[in-house]
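Please read the structure below before turning to the comments.
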Amino acid sequence: MMKKILSIFALVTALGLGFTANTFAEDAAPMADVAAVVDAAPVAEMAPAEAAPVAAEAVAVTEAAPAEAAAAPAPVPNKGDTAWMLISTVLVTLMVIPGLALFYGGLVRQKNMLSVLMQTFMIFSLMGVLWAIYGYSVAFTGGNPFVGGFGKAFLAGITPDSIAATFSKGVVIPELVFVAFQLTFAAITPALIIGAFAERMKFSAILAFMVLWFTFAYLPMAHMVWYWDGPDAINDAKSLETVLANAGWLWAKGALDFAGGTVVHINAGVAGLVGAIMVGKRIGYGKESMAPHSLTLTMVGAALLWVGWFGFNAGSNLEANGYAALAMVNTMIAAGAATLSWAFAEWFLKGKPSMLGAASGAVAGLVAITPACGFVGPMGAIIIGLLVSPICYFFVAKIKYMMGYDDALDVFGVHAVGGIFGALATGVFVNPALGGMGVYDYVANAVGEYNFAAQMTAQVYAVVTAIVVSAVVSFIAFKIVDVVIGLRVSEESEREGLDTTEHGERAYHS
């Protein structure tokens, strides 16, 4: 078995390092679409201290200044921005280990608690290594609209003096800080998926699947949504055209995703649904009690997720300024509103509000505000929070049972559904008339005119692309792993519990 696992890892690493920038080239959008982009989400030159982000985290190392400004001194990272990004990176790490691990662990049965902790811990570690080897380069270097290249594989050429652009002209951060911050995103996204097929999938199969999915689903989505050359590359209409031509496909179309509604939540949620269907239902599902073994730990995990999410969302501004504060406020109140709406929905429909419902509502609100947190106003954030919980609750309490799939920890119902709603709501509430921040035009140096049809078209493009990419890659990856390793543990192992059968340990001894 170990030889099979090593063979898959060797194969996938070779595929990753040989994953050329032409992977999706035949489907590249014609540049005729660029004109629609400028109308859908115009971008603008902004004052360093007041800049509104154009598309979250879509950052590249600052390009060389134009000839006329060649003599200008190179920008120097601000220590305050750098410190904020270091803190944000730590906060997102807190979201995964221990936050997500405890949140998921409390929701499974006692005999599987340690397996969930181990899966989360190992996935975080594995993705971090792959990110340094080839992930960062594939996601955040130029190549084509769908995937980057390998110019920075093994973090080649990145030193403590290297700088990365933010969303303001002349404002930069150390590139290593950006590498570390984005590493945490690349690590938590695959870890979210495991909740869908918890308690029944082989540990070896999980790790093999994650390598494939990370390489062929996460990295292309991150590149398409977030990659561009940075604001310093835009000086006039002609330079804007150059930036659009080199940017990720969805960024160039004007899709807005501040911190990962498409790249993280829809992407992971759809993969979870595919996994839940392909791995199959847990033994005894619908007949035996599968209640969470510790809602206390789930509440602790949810609280850690909430705290860490401030780094996730406010950190995605890349600068310590008013827009980071806006993202933080929006994250706080959207999660609060969603907690209330889920609890009251349960209270009304079931007669009692539950701790599990409150925790689920908080996560749903955090998911939904993620793509919107730097683009909408506080009242828009409250509306997004209030609306997302009833929608997710309907999928968790009704649709899952109607469709008959066993999404053990409701990864699809909360993350995919909440992410889809949040991505579409971003297109609505970014409107300045509704209290949104609008999107700056770097050429006109002003907030661009809001165009509802164009912006919503861009958001739909992003949502559909995330669904299709994740579903197709997940299906193929699960099939490959099933043939080589097998997806599911034996019936005897599942009944005994994965803690002992997969890891030879127990979470509890009393």
Side-chain angles (χ1 to χ4, degrees), residues 95 99-100 102-110 116 192 195-196 198-199 261 265-266 268-269 272-273 276 281-282 285-307 309 330-370 372 379-422 424-425:
M95 289 178 67
L100 182 66
L102 291 177
F103 180 76
Y104 276 175
L107 291 173
V108 298
R109 289 169 289 182
Q110 181 173 313
V116 172
L192 292 172
E199 304 192 296
H265 297 292
I266 299 175
L273 175 63
K281 300 176 184 178
R282 288 166 289 178
Y285 179 70
K287 300 176 183 178
E288 302 173 7
S289 174
M290 296 184 177
H293 89 279
S294 178
L295 286 176
T296 300
L297 290 178
T298 293
M299 185 273 168
V300 172
L304 289 170
L305 280 169
W306 194 332
V307 171
W309 224 293
N330 285 343
T331 299
M332 179 73 83
I333 60 180
T339 300
L340 294 174
S341 62
W342 192 301
F344 278 103
E346 265 193 335
W347 206 344
F348 177 76
L349 295 171
K350 292 186 174 182
K352 295 180 181 179
S354 71
M355 180 69 249
L356 177 58
S360 299
V363 174
L366 292 165
V367 168
I369 199 59
T370 291
M379 297 305 104
I382 290 177
I383 294 172
I384 289 172
L386 289 174
L387 294 180
V388 70
S389 279
I391 296 170
C392 290
Y393 179 77
F394 177 70
F395 271 83
V396 168
K398 301 294 182 183
I399 297 298
K400 180 171 73 170
Y401 298 102
M402 289 171 55
M403 300 300 293
Y405 59 87
D406 181 12
D407 179 359
L409 308 184
D410 295 313
V411 177
F412 177 77
V414 173
H415 291 277
V417 174
I420 290 168
F421 172 77
L424 298 178

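Starting from 1, each residue takes its place in the sequence as its number. Remember, predicted model here, so these are calculated numbers, not experimental data.
- With values rounded to the nearest 0.5 angstrom, Ser341 atom OG is found 11.5 Å from Ile382 atom CD1.
- Residues passing the salt bridge (Lys or Arg N to Asp or Glu O under 4.0 Å) test with Arg282 are Glu199, Asp406, sequence neighbours excluded.
- Using cut-offs of 30° and 60° on the angle between ring planes, the pair Tyr285 and Tyr401 is parallel.
- Annotation for Lys400: atom NZ counts as buried by contact number, over 12 foreign heavy atoms lying within 6.0 Å.
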Check against side-chain contact (heavy atoms from CB on, under 4.5 Å), Asn330 and Ile384 | CA-CA 10 Å; Asn330 285 343; Ile384 289 172; over 6 Å; no
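- With rounding to the nearest 0.5 Å, the separation of CG in Leu273 from CG in Asp410 is 11.5 Å.
- With Tyr393 as reference, Trp342 is the one residue of Phe344, Trp342, Phe348 to meet the ring pair (Phe, Tyr, Trp, His ring centres under 6.0 Å) rule.
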For the pair Met355 and Thr296, evaluate side-chain contact (heavy atoms from CB on, under 4.5 Å) and give the outcome as yes or no after the intermediate values.
-> CA-CA 9 Å; Met355 180 69 249; Thr296 300; over 6 Å; no
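- A pairwise comparison of heavy atoms in Val417 and Gly413 identifies CB-O, 3.3 Å as the closest pair.
- Separation of atoms CD (Glu288) and CZ (Arg109) is listed at 7.0 Å; rounding is to 0.5 Å.
- Closest approach of Val414 to Cys392, counting heavy atoms only: O-SG, 3.9 Å.
- Between the CG atom of Asp407 and the CD1 atom of Ile399 there is a distance of 13.0 Å, given to the nearest 0.5 Å.
- Residues Ala196 and Gly272 approach most closely at CB-O, 3.1 Å, considering heavy atoms.
- In this structure, the side chains of Thr331 and Leu366 come closer than 4.5 Å at one or more pairs of heavy atoms.
- The shortest heavy-atom contact between Pro292 and Gly106 is CB-O, 3.4 Å.
- With a 4.5 Å cut-off on side-chain heavy atoms, Phe421 and Val367 do not count as touching.
- For Met299, the CE atom is loosely surrounded, since the number of other residues' heavy atoms within 6.0 Å does not exceed 12.
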Take Ile369 and Trp309 through the side-chain contact (heavy atoms from CB on, under 4.5 Å) test and state the conclusion after the steps.
-> CA-CA 10 Å; Ile369 199 59; Trp309 224 293; 5.6 Å; no
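- In this structure, CG in Leu102 is found 10.5 Å from CG in Leu107, a value given to the nearest 0.5 Å.
- Here the closest heavy-atom approach between residue Ser389 and residue Gly361 is recorded as OG-CA, 3.7 Å.
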Could you walk me through whether Leu192 and Tyr104 pass the side-chain contact (heavy atoms from CB on, under 4.5 Å) test, one step at a time?
-> CA-CA 9 Å; Leu192 292 172; Tyr104 276 175; 4.3 Å; yes
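- No more than 12 heavy atoms of other residues, nucleotides or ligands sit less than 6.0 Å from atom CE of Met403.
- Taking the six-membered ring for Trp and thresholds of 30 and 60 degrees, Phe395 and Phe412 have ring planes more than 60 degrees apart, a perpendicular arrangement.
- The closest donor-acceptor contact from the side chain of His293 to the backbone of Gly105 lies under 3.5 Å.
- Closest non-hydrogen pair, Ala338 versus Gly365, comes out as CB-CA, 3.4 Å.
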